[in-house]
Amino acid sequence: MIRLTSLSKSIRERNGDVRTLFRDLDFDMSASERSVAILGRSGSGKSTLLRILAGLDVDFGGLYSYDGTQLPKSPSSMAAHRLERIGIVTQAYDLLPDRTVAANVAIGCARRRGASARVAEALELVGIDHLASKRPTHLSGGEAQRVAIARAIVKRPSVVLADEPTGALDEGTEEEVLHLFERLQDGGTQFVIVTHSDRVAQRCGRRKRISEYRLVDVD
Ligand SMILES: Nc1ncnc2c1ncn2[C@@H]1O[C@H](COP(=O)(O)OP(=O)(O)OP(=O)(O)O)[C@@H](O)[C@H]1O
Ligand SMILES: [Mg+2]
């Protein structure tokens, strides 16, 4: 169970102004839920919210608890939380250009033992095993996005946080990725998906929108 209670966060903009992103924001995802979609306008804080859930941003007010235990807001305990349970599909993929696809996916492995078998399995799951030895610079946007998804799932995380995971994909490929996500959900992996796609949002169990610094329900 993931829970954010009374989350608050402000950012300092380039011109020095302070802008509130979140105020008194609550988020709950019970252990039995398969997926939640997070919607909101550009700049409303969706990626920031995922970074907080991932433990990558510890500069926030309020409480973050997982399975009923409050997570200390220190970079080291948040890193431990992330390593143990969280897979992240970042919005910009963040692939290392001088490493192969397989080496990029291996970065998502929490441990070295058995890593190559896990990498092969993840590449096959997302349908890009034939690209294992390519460099990211030689990939299409959709292929790069699948590498980012493989890197997120390679350690078989409890929770996948996906930031616009189908943003670069055509409808057919988006459908394939949604199928993959649903298969992983059948296996118990939970998904929090930031998306602008109505199709993706409709396939999630619940939809929330960032509005006036909080998360509100969407039909
Ligand atoms: N580290 C940071 N320091 C300062 N400002 C930041 C930082 N990260 C994000 N911001 C700002 O916070 C706001 C929210 O950014 P965020 O990336 O979370 O939005 P978003 O909802 O994901 O937008 P998009 O739909 O365009 O991806 C933006 O105005 C952005 O410029
Ligand atoms: Mg974003």
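For ligands, and for the atoms within them, numbers begin at 1 and follow the listed sequence. Being a predicted model, the structure only gives us computed values, none of them experimental.
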* What atoms in ligand 1 come closer than 4.0 Å to a heavy atom of Q91? -> 27 (O)
* May I have the step-by-step check of salt bridge (charged side-chain N to carboxylate O under 4.0 Å, His left out) for R3 and D26, ending in yes or no? => CA-CA 7 Å; R3 172 169 282 168; D26 293 324; over 6 Å; no
* Any protein heavy atom under 4.0 Å from atom 31 (O) of ligand 1? -> no
* Structure fact -> shortest atom 12 (O) of ligand 1-to-protein heavy-atom contact is with I11 CD1, 3.0 Å
* Asked: Taking atom types as modelled, is there a side-chain donor on D24 or S6 under 3.5 Å from an acceptor on the other?
  -> yes
* **atom 4 (C) of ligand 1: nearest protein contact (heavy atom, Å)** => R12 O, 3.8 Å
* Taking K46 for its side chain and R41 for its backbone only, find out whether a donor-acceptor pair lies under 3.5 Å. => yes
* Asked: Is there a protein heavy atom less than 4.0 Å away from atom 18 (O) of ligand 1?
  -> yes
* Sort out for me which residue in Q145, R199, R203 forms a side chain to side chain donor-acceptor pair (under 3.5 Å) with E174. => R199
* Asked: Is D170 atom CG crowded by more than 12 heavy atoms from other residues, nucleotides or ligands, each under 6.0 Å away?
  -> yes
* Asked: Do Y213 and F22 have ring centroids that are under 6.0 Å from one another?
  -> no
* Under-4.0 Å heavy-atom contact with ligand 1, by part of T48 that carries it -> both
* To do: Would you verify that at least one protein heavy atom lies under 4.0 Å from atom 8 (N) of ligand 1, or report that none does?
  => no
* To do: Select one of side chain, backbone, both or neither to describe which atoms of R41 lie under 4.0 Å from any atom of ligand 1, heavy atoms only.
  => backbone
* Asked: At under 4.0 Å between heavy atoms, which part of H196 makes contact with ligand 1: side chain, backbone, both or neither?
  -> side chain
* Which of the atoms in ligand 1, numbered in the order shown and given with their element, are less than 4.0 Å from a heavy-atom of R19? -> 13 (C), 28 (C), 29 (O)
* Qualifying residue for side-chain contact (heavy atoms from CB on, under 4.5 Å) with S35, from R206, Q185, R207, E182 -> Q185
* Structure fact -> Given a cut-off of 2.8 Å, the protein N, O or S atoms lying below it from the Mg ion (ligand 2) are S47 OG, Q91 OE1
* Asked: Q70 and S65: side-chain donor and acceptor closer than 3.5 Å?
  -> no
* Atoms in ligand 1 flagged as close to S42, the criterion being non-hydrogen separation under 4.0 Å -> 23 (O), 24 (P), 25 (O), 26 (O)
* To do: Measure from atom 14 (C) of ligand 1 to every heavy atom in A92, G167, G43 and give the option owning the shortest one.
  => G43
